[in-house]
Structures are given as C-alpha cells and as structure tokens.
Amino acid sequence: MSTEHGALEAAGTRVPAASPLSEVKLHLVENMEDLFTFKRWLGERRETPLAVDTETGGLDPWRVKLRLVQFGDPNTGWAIPFEDWQGAIKEVLRTYEGRWICHNLPFEQKFFKLHAGLTLPWERCDDTMVELALLEPHKPKGLKPASERHVDPNAARGQDVLKDAMQKQGWTWETIPHSFPPYWIYGALDTVLTARLWQWSHPRVLAECPEAYGLEMATLRVCHQMMVNGMLLDVPYVQRSIQELQEFSTQAREWLQRVHSVTSPMSGAQISRAMATLGVDPIAFTDGGAPRMDKETLTTYRGWAAQPRAQELASYVLSVRHADKMLGSYLENFLEMMDGDHLIHCNINTLAARTGRMSVTEPALQTLPREDKIIRGSFIPHERKVLISCDLSQVEARLAAHFSQDPGLIEAFRRADEDGDDFFCAVAGQIFNEVITKADLRRQMTKNVVYCSLYGGGVTKMAQTAGVPLAQMQPVKSAFDATYPGLQGLIQSITELGRRTNPPSIRSPLGRMLVADHGREFTQLTNALIQGHAAEYMKRCAVDMDAAGLGDYLRLLIHDEGILEAPAEEAEEVLRVMEQCMTDREKYLVPLTADGKIMTERWAK
DNA sequence: AGCGCGGGCGCG
DNA sequence: AAAGCGCGCCCGCGCT
C-alpha cells in the first residue's frame with residue numbers, strides 16, 4: 001500500500017495543507033511489487049543520510065519482537081514488516097553504502113544485533129538524539145518533541161489516534177497489526193522526521209561542538225558492546241543471600257508489628273507515632289514538615305542510651321530498611337533481569353545527566369553498595385577470567401586545580417604524586433602548618449571543605465558533613481580560602497560567565513553546553529564544569545581502552561571507575577594498559593592518574 | 001489499577 | 001549574603 005498525498009489524513013489526523021509534512025509520501029511494503037518500488041527508491045541519489053527506525057514489541061530487546069523496520073529521507077518514508085521481509089531488510093542494512101541516521105541509535109543497534117544478527121557500521125551513523133542533547137540539553141530530546149520544535153508543529157499528531165485505537169482494540173505493541181494505518185504510517189513518518197531533524201541539527205553540531213559529538217558517538221559504540229556482553233551473576237550465591245535477608249526481614253517486621261504496631265518500616269508516620277508513644281520527641285523535620293525518620297535521624301536515636309526502647313526501635317527499623325533495600329533494589333532484580341546464561345545486560349544511557357554523565361538502569365549497577373559487599377559480590381568472572389577495576393584518582397579535585405590554576409593546589413598534587421604524600425594531608429598541612437596524618441580529623445575536614453566548595457555548599461554543610469560544630473569548621477574554611485584563593489576565584493568567574501546566557505550555561509573543554517537552573521548558577525555551574533569534564537574524560541578513557549583492544553573486556557563504567565573482565569593470564573597486562581589509558585600527564589596542569597586492582601573470585605574489595 | 005509525588009537511600 | 005552536585009529505584013500515600 002502506498003499513500004501519495006494526504007498520508008496523515010489516511011491515519012485519521014488532519015495536517016494543515018500548508019504544513020511542511022503535508023506533501024510527504026509514506027509507503028508500506030506488502031508484496032514483491034512494493035519491495036521493487038522500495039529498492040528503486042533506495043537507489044536514488046539523496047543529500048541526506050538514510051534514516052532508519054524500528055517499531056518493536058516493547059523496550060527490552062532481549063525479550064520482545066522486532067515488528068517493523070522503517071527507512072526514510074526528508075520526503076519519503078517506508079515501513080517494512082520485519083518477519084515477512086527479513087531477508088530484504090537484512091540485505092539493505094548490510095549492503096547500503098551511504099551514511100545512516102537514527103534517533104536513539106543504541107536502541108536500534110541492539111535490535112539489529114539480537115534480531116538480525118548484524119550491526120550498522122558505527123562510523124557511518126549519526127544520532128539525532130545525541131545531537132539534540134548537545135545542542136539543547138535543557139529541552140526534551142525525544143523525536144516527537146524535537147520534531148515539533150524544528151520540523152513541524154504538527155509532527156506529534158497521530159500519537160493520540162494510535163493510542164486510542166490500541167486501547168479500544170486491546171492491542172499492545174506486540175500485537176497491533178502491521179497494516180493498521182496509524183501504526184505503519186507513523187512508523188514510516190518517524191524516519192522522515194529523523195531525516196529532517198538531522199538537516200536542522202547536524203550542521204549546528206558540526207559548528208558548535210564537533211569534538212563532544214565525536215566522543216559521544218564513539219561512546220555509544222563502546223557502551224553498546226558492554227550492554228551486549230553483560231555481567232555474569234553467581235545465581236546460587238544470590239539465592240542464598242536473598243533467603244537469609246528475607247528470613248531476617250520477616251522476623252524484624254513481626255517484632256515491629258507486635259511490639260510497636262508498626263506495619264511498615266518505610267512509613268515515617270508510623271515510626272514517629274511509635275516514638276511519640278515512647279515519649280521521644282522529633283528532632284528533625286522533612287521539607288514537608290513531617291518528623292524526619294531517615295537513616296541519620298534514626299542513627300541518632302539508636303545512640304540514645306537514656307532511651308533503651310527508642311534505641312531498640314530505631315535499630316530494628318534501620319536494619320530492616322537496609323535488608324529490604326538490598327533485596328528489593330538489587331538482589332531480587334538481578335534474578336529477574338538476567339538472561340538464560342546468567343548474564344545481566346544493563347541499560348546504559350550515555351547522556352542521561354545534564355552534566356554529560358552516564359546513567360545505568362535495569363539494574364542500577366552504578367549504585368551497588370560499597371560497604372555491604374554482598375551485593376557487588378553477586379557478580380563473578382567467567383571460568384579462567386578475572387574482574388579488574390581501575391579508578392581515576394581524585395579526578396574532580398584535580399580538575400578543580402586545573403581549571404582554577406591555583407598554584408597551591410597544583411603544588412599539593414605535585415607533592416602527592418612525586419613524594420607519595422596524600423593530597424588532602426598535604427593541603428591540611430599547609431592550612432594548619434603542621435604535619436597531618438591520614439587519621440587526623442583535620443584531614444577529613446579539609447576534604448569536606450574542598451568537595452563542598454566544588455559543589456556550592458556553605459560552611460554549614462561542610463561542618464555537617466564532617467560531623468563537627470560550625471565554629472570548628474569556620475576557621476578551616478577561612479584558612480583554606482586564604483591559602484588557595486584560586487578555587488573561590490574559579491567559582492566566581494564561572495558563575496558570572498554562566499549568568500550571561502539564557503538559560504545560564506558554560507561550555508566544557510570539548511564544547512558541550514552545560515546548563516543550570518535560573519538562580520542556582522552558584523551551586524550548579526562549577527560542579528557542572530568539573531563533573532561534566534570528568535565525564536568527558538572518562539568517556540575518552542573508555543574509547544581509548546577500546547582502541548587499545550580492551551573493548552570486548554569492558555563491562556561497566558561507574559563515573560570515575562571502569563570494570564573489566566579479562567582472561568586470568570592477561571590480567572596484569574590488561575591492568576597496565578587500563579591504567580595507561582586512564583592517565584594523562586600532559587594536557588592538564590596536574591596529572592590525571594588512575595589506580596587499579598585485580599579481583600579473582602568476585603566483584604568486591 | 002495506574003499515576004505522580006514526597007521521602008528515603010544506594011552510588012560517584 | 002548565602003547557597004551540595006549528578007543520578008535510579010523503592011515504598012507509602014493520595015488521587016483518578
């Protein structure tokens with residue numbers, strides 16, 4: 001079936017005649033003749049890359065079907081049912097010699113890899129979602145909203161028609177018929193939108209931030225491999241952990257209900273009522289005005305020797321909350337999300353945070369507890385392999401020294417690197433004018449001053465984080481600012497520079513726009529520059545590791561840390577290459593360095 | 001039953 | 001003058 005003019009009317013939505021999309025031609029391949037027409041069209045000369053998109057049965061490429069594959073350019077779109085025309089589709093994907101465009105390339109690549117057994121050549125692909133994220137980080141980057149802004153205000157019409165029909169007919173994304181016009185027409189139209197969006201975004205990206213774009217596209221490739229390879233789970237170990245924690249949780253919940261009528265340890269209202277019954281008054285409140293019953297407050301109650309019953313209650317709530325967090329957020333999810341080979345294929349969003357940091361979901365492998373080793377220990381290397389982790393050393397503080405050009409900070413890092421001193425001991429030594437050991441509270445206070453300053457925190461927050469009275473922290477902060485004036489100078493100049501744009505923003509060294517909310521420039525922008533460039537640096541490290549031949553070993557990136565799985569006999573060499581890829585002694589005013597370790601049994605310290 | 005939100009907590 | 005940044009996931013709770 002083909003629709004010439006009025007394709008969108010056929011789908012039940014009127015697009016005004018003058019609308020840029022009203023002349024678009026959209027087609028569905030239903031027979032051999034359609035296929036020949038499609039191939040003739042494919043062979044035509046065109047000035048844009050070929051846009052490709054898919055419609056799938058859902059979001060998890062490992063569990064749902066590939067329904068449609070669509071191809072298009074700025075004027076024409078084709079929808080082709082995958083199961084009926086697999087051979088032809090694979091041939092096009094394999095043999096087309098021009099460039100490709102997708103909106104969310106990693107999503108399509110996963111489906112192509114798992115359902116068609118092929119991968120589009122990354123070096124010939126553009127991704128308009130990446131381009132949008134770089135050009136307009138403060139705006140929605142989905143295909144529909146972006147197209148409404150830059151292609152046609154009517155671009156998202158028809159979404160509602162499709163949703164209504166699906167609901168009325170009881171169709172899901174797995175079961176909706178290919179030939180239902182709103183389905184295939186809007187599938188095909190998406191490629192047209194993608195191609196037109198590229199016409200808007202691509203020249204701008206090349207003009208504004210070609211380096212950031214090149215790095216992002218390379219990062220997509222490296223992260224794709226990580227997602228496909230997956231991490232191996234020790235299933236019996238996880239099952240044992242779950243059982244033990246569940247037994248504990250059940251007993252603790254029974255006690256809470258029996259003794260204090262608390263049915264849910266997550267309910268602050270119930271806990272505070274029970275505390276009130278014991279004659280314990282609230283000591284802190286949430287923003288909403290309710291008594292705070294979080295970890296910090298409960299830990300305080302747990303230390304109150306004069307109130308043994310409150311201590312006992314707080315202790316039970318804290319431990320059952322911890323157990324439930326371990327079970328619900330981590331262990332049970334692991335079993336649910338693993339594939340038949342006990343592999344966990346997480347989802348990596350390479351441009352999730354507005355600072356350019358990545359996020360990891362399903363499961364959130366970047367947030368596995370550090371202290372409670374049970375959770376990280378759930379992941380093991382395959383037979384005859386080891387896990388290797390390598391992390392950047394104080395990368396944010398080093399970048400702060402670099403950006404601020406503060407001679408004192410630069411010197412402290414030089415001494416830390418050359419004499420093997422601890423950086424924060426060196427800084428604390430300068431401030432207090434005596435030798436400071438690692439265990440000294442003044443080192444911790446100094447560290448809190450540095451990191452709180454970078455994140456826009458005040459002296460109150462510094463004292464609170466270090467657990468000391470305000471009066472004790474104040475002179476430390478004053479002495480720090482006097483000794484290392486560069487940092488305050490950096491924060492000042494970034495804040496002033498950032499306030500000149502709307503929205504407030506600054507550019508990273510690779511040209512990435514980093515935005516802040518109005519009125520929050522002071523607390524967000526310095527952090528954005530440092531966190532943002534650390535993210536760029538880490539992405540560069542991962543791409544370099546891939547170039548050095550470690551791409552297939554890479555498993556996970558956790559902001560300033562890389563996790564690899566490598567053959568045991570290569571471990572030392574791999575670690576050496578890894579450290580080399582993560583070290584830069586030339587481009588910055590202080591060296592950026594890395595430190596790694598080999599884990600033979602499981603992922604834990 | 002599903003949604004949005006606040007509160008809470010895990011990480012860097 | 002004063003100001004902690006960035007995420008994901010879970011639960012409870014009130015709403016539709």
Side-chain angles (χ1 to χ4, degrees), chain A residues 137 167 262-272 284-299 317-318 320-334 336-337 346-372 374-376 389 391-392 394-397 400 448-466 477 488 491-492 494-495 514-517 519-532 534-535 538 556-563:
Chain A
Q167 184 151 23
V262 168
T263 57
S264 167
M266 284 306 295
S267 168
Q270 288 185 24
I271 315 276
S272 62
F285 295 88
T286 66
D287 293 341
R292 255 179 73 180
M293 286 297 154
D294 63 356
K295 192 174 180 177
E296 190 191 337
T297 316
L298 288 167
T299 304
V317 173
L318 282 168
V320 73
R321 275 189 190 176
H322 179 74
D324 287 355
K325 176 83 180 167
M326 299 302 106
L327 284 165
S329 290
Y330 304 117
L331 298 171
E332 289 169 346
N333 275 348
F334 294 165
E336 218 168 280
M337 293 171 182
C346 64
N347 186 41
I348 304 174
N349 184 347
T350 60
L351 17 82
R354 62 177 174 180
T355 55
R357 266 194 182 179
M358 301 191 267
S359 78
V360 175
T361 61
E362 298 168 283
L365 291 181
Q366 289 179 320
T367 72
L368 306 194
R370 271 196 152 284
E371 295 305 317
D372 193 332
I374 294 172
I375 309 299
R376 292 194 182 203
S389 92
D391 59 311
L392 300 171
Q394 311 105 11
V395 64
E396 295 197 343
N448 291 131
V449 169
V450 171
Y451 281 107
C452 274
S453 299
L454 292 185
Y455 300 157
V459 63
T460 312
K461 181 62 75 179
M462 293 170 189
Q464 192 188 319
T465 312
K477 172 167 169 48
Q488 287 306 318
I491 296 169
Q492 277 307 314
I494 287 176
T495 305
L514 299 162
V515 300
D517 301 318
R520 300 187 68 190
E521 300 86 354
F522 183 90
T523 56
Q524 291 180 336
L525 278 180
T526 303
N527 176 254
L529 176 64
I530 289 169
Q531 190 187 108
M538 192 63 202
L556 191 63
L557 301 175
I558 315 178
H559 306 307
D560 64 352
E561 179 183 8
I563 308 286

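Proteins get letters first, then strands, A, B, ... in listed order; numbering begins at 1 in each.
Taking 4.0 Å as the cutoff to heavy atoms of chain A, we find the contact window on DNA chain C bounded by C:dA3 to C:dC13. Between chain A and DNA chain B, the heavy-atom contact criterion of under 4.0 Å yields a 5' to 3' nucleotide range of B:dG7 to B:dG12.
A:L365 comes within contact range of no nucleotide atom at all, as no heavy-atom separation falls under 4.0 Å. A:Q366 comes within 4.0 angstrom of the backbone, heavy atoms only, and of no base. In this structure, A:N333 reaches the sugar-phosphate backbone alone: every heavy-atom distance under 4.0 Å involves primed, P, OP1 or OP2 atoms, never a base. A:T526 comes within 4.0 angstrom of no nucleic acid atom, judged by non-hydrogen atoms across all strands. Residue-level contact check: A:E396 touches neither bases nor backbone, having no heavy atom under 4.0 Å from any strand. Counting any heavy atom pair closer than 4.0 Å across all strands shown, A:K295 reaches sugar-phosphate atoms only and no base atom.
A salt bridge does not link A:R321 with A:D294: none of the charged nitrogens is closer than 4.0 Å to a carboxylate oxygen.
Every residue meeting the side-chain contact (heavy atoms from CB on, under 4.5 Å) condition with A:A466, not counting sequence neighbours, appears here in chain and number order: A:M445, A:N448, A:V468, A:M473.
To the nearest 0.5 angstrom, A:R292 atom CZ is 8.5 Å from A:T286 atom OG1. Of the inter-residue distances, the one linking A:Q270 atom CD with A:S264 atom OG reads 5.5 Å to the nearest 0.5 angstrom. Within the model, atoms CE of A:M293 and CE of A:M266 stand 13.5 Å from one another, a figure rounded to the nearest 0.5 Å. The CG atom of A:L514 sits 11.0 Å away from atom CD1 of A:I530, with the distance rounded to the nearest 0.5 Å.
When the C1' atom is used for both B:dG12 and C:dG4, the distance is 14 Å, rounded to whole Å.
In this structure, A:T460 and A:H559 both approach DNA chain C, and ranking their closest nucleotides by distance from the 5' end singles out A:T460.
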Taking only distance into account, with no hydrogens and no angle test, what donor-acceptor pairs under 3.5 Å do side-chain atoms of residues 453-461 of chain A form with protein atoms, sequence neighbours excluded?
unit_1	atom_1	unit_2	atom_2	d
A:S453	OG	A:V449	O	2.6
A:Y455	OH	A:E396	OE1	2.4

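Put simply, the side chain of A:L331 does not reach to within 4.5 Å of the side chain of A:N333, judged on heavy atoms. Side-chain contact between A:L557 and A:M358: present, with at least one pair of heavy atoms (C-beta onward) separated by less than 4.5 Å.
Scanning residues 347-356 of chain A for heavy-atom distances under 4.0 Å to DNA chain B yields an empty list.
Among the duplex regions that DNA chain C forms, those built from at least three successive Watson-Crick or G-U pairs under 3.5 Å are B:1-12 with C:5-16, ordered by first number.
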